[in-house]
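Right, one structure below, let's go through it.
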Amino acid sequence: AQKVTQAQTEISVVEKEDVTLDCVYETRDTTYYLFWYKQPPSGELVFLIRRNSFDEQNEISGRYSWNFQKSTSSFNFTITASQVVDSAVYFCALSEAGGAGSYQLTFGKGTKLSVIP
Amino acid sequence: DGGITQSPKYLFRKEGQNVTLSCEQNLNHDAMYWYRQDPGQGLRLIYYSQIVNDFQKGDIAEGYSVSREKKESFPLTVTSAQKNPTAFYLCASSRGQAVGNQPQHFGDGTRLSIL
């Protein structure tokens with residue numbers, strides 16, 4: 001069975017601070033995909049990134065960066081120089097690459113980030 | 001603009017009543033999904049459909065029903081058998097049938113409450 005753990009329930013930072021959101025996953029598959037989604041107060045989920053299990057290169061997109069470490073089953077998300085607009089709930093999710101599990105996303109419980117001006 | 005439209009935004013259900021949540025997409029996506037989100041919880045899959053006239057149960061399908069008569073529409077009915085329906089419901093779609101190949105795109109959600 002798949003499982004995604006986001007141990008940080010809520011985080012508060014002051015604007016311009018860096019913040020890292022942790023994600024630890026469990027799967028028996030050797031091929032899988034990992035995702036991060038952002039849920040602003042308006043409610044919709046916004047897709048941020050998808051990684052496959054064979055690509056362990058870290059990725060940077062503007063102020064966002066992701067650190068994928070297969071050895072520790074982690075896929076952490078860092079926001080550099082945080083802004084008030086970054087305030088949201090962030091979800092990490094996992095999907096298998098084949099079989100019935102490839103049609104499902106397993107979500108963590110989310111981390112609520114509050115950026116204080 | 002292409003996207004996913006969910007309606008209504010807020011919905012109230014009386015005891016013993018069935019209610020239907022609408023989800024329409026104009027992204028030409030094959031696969032569609034319904035999730036339930038409870039406060040402080042992640043999303044849990046209710047039903048998904050990979051293609052028209054076919055759908056599969058997710059992790060928490062009891063008390064819910066769906067149909068997929070058209071590619072662009074995937075309505076969710078919350079039946080009276082669902083004893084704890086108060087939640088935020090999100091509809092999603094994806095281009096491919098396997099989630100890993102294509103990310104899911106989400107609607108704005110419907111918040112359902114009991115009267």
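Just so it is clear: chains get the letters A, B, ... in the order the sequence lines come, proteins before strands, and each one is counted from 1. The basis for the numbers below is simple: all heavy atoms, side chains too, and nothing from hydrogens, waters or symmetry mates.
- Judged purely by atom type and a 3.5 angstrom limit, A:Y37 uses its side chain to pair as donor or acceptor with the backbone of B:Q104.
- By the 6.0 Å contact criterion, NZ on B:K71 is enclosed, its count of non-hydrogen atoms from other residues, nucleotides or ligands being greater than 12.
- Side-chain contact between B:Y35 and A:L45 is absent, with no heavy-atom pair separated by less than 4.5 Å.
- For B:Q37, the part sitting under 4.5 Å from any heavy atom of chain A is the side chain, from C-beta outward, and nothing else.
- Residue A:K16 places its NZ atom among 12 or fewer non-hydrogen atoms of other residues, nucleotides or ligands, all under 6.0 Å distant.
- The environment of A:E56 atom CD is dense: over 12 non-hydrogen atoms of other residues, nucleotides or ligands sit within 6.0 angstrom.
- Separation of the B:F106 and A:F47 ring centroids does not fall under the 6.0 Å cut-off.
- A chain of hydrophobic side-chain contacts below 4.5 Å, direct or via other Ile, Leu, Val, Met, Phe, Trp or Tyr residues, connects A:W36 to A:V115.
- Interface remark: B:L43 contributes backbone and side-chain atoms alike to the contact with chain A (heavy atom separation under 4.5 Å).
- Around the CD1 atom of A:I60, the shell of radius 6.0 Å holds no more than 12 heavy atoms that belong to other residues, nucleotides or ligands.
- Cluster membership for A:L48 and A:V13, using ILVMFWY side-chain heavy atoms within less than 4.5 angstrom, is shared.
- By the 4.5 Å heavy-atom criterion applied to side chains, B:L90 and A:Q39 are counted as neighbours.
- Closest heavy-atom contact between A:R50 and B:P103: NH1-CD, 3.5 Å.
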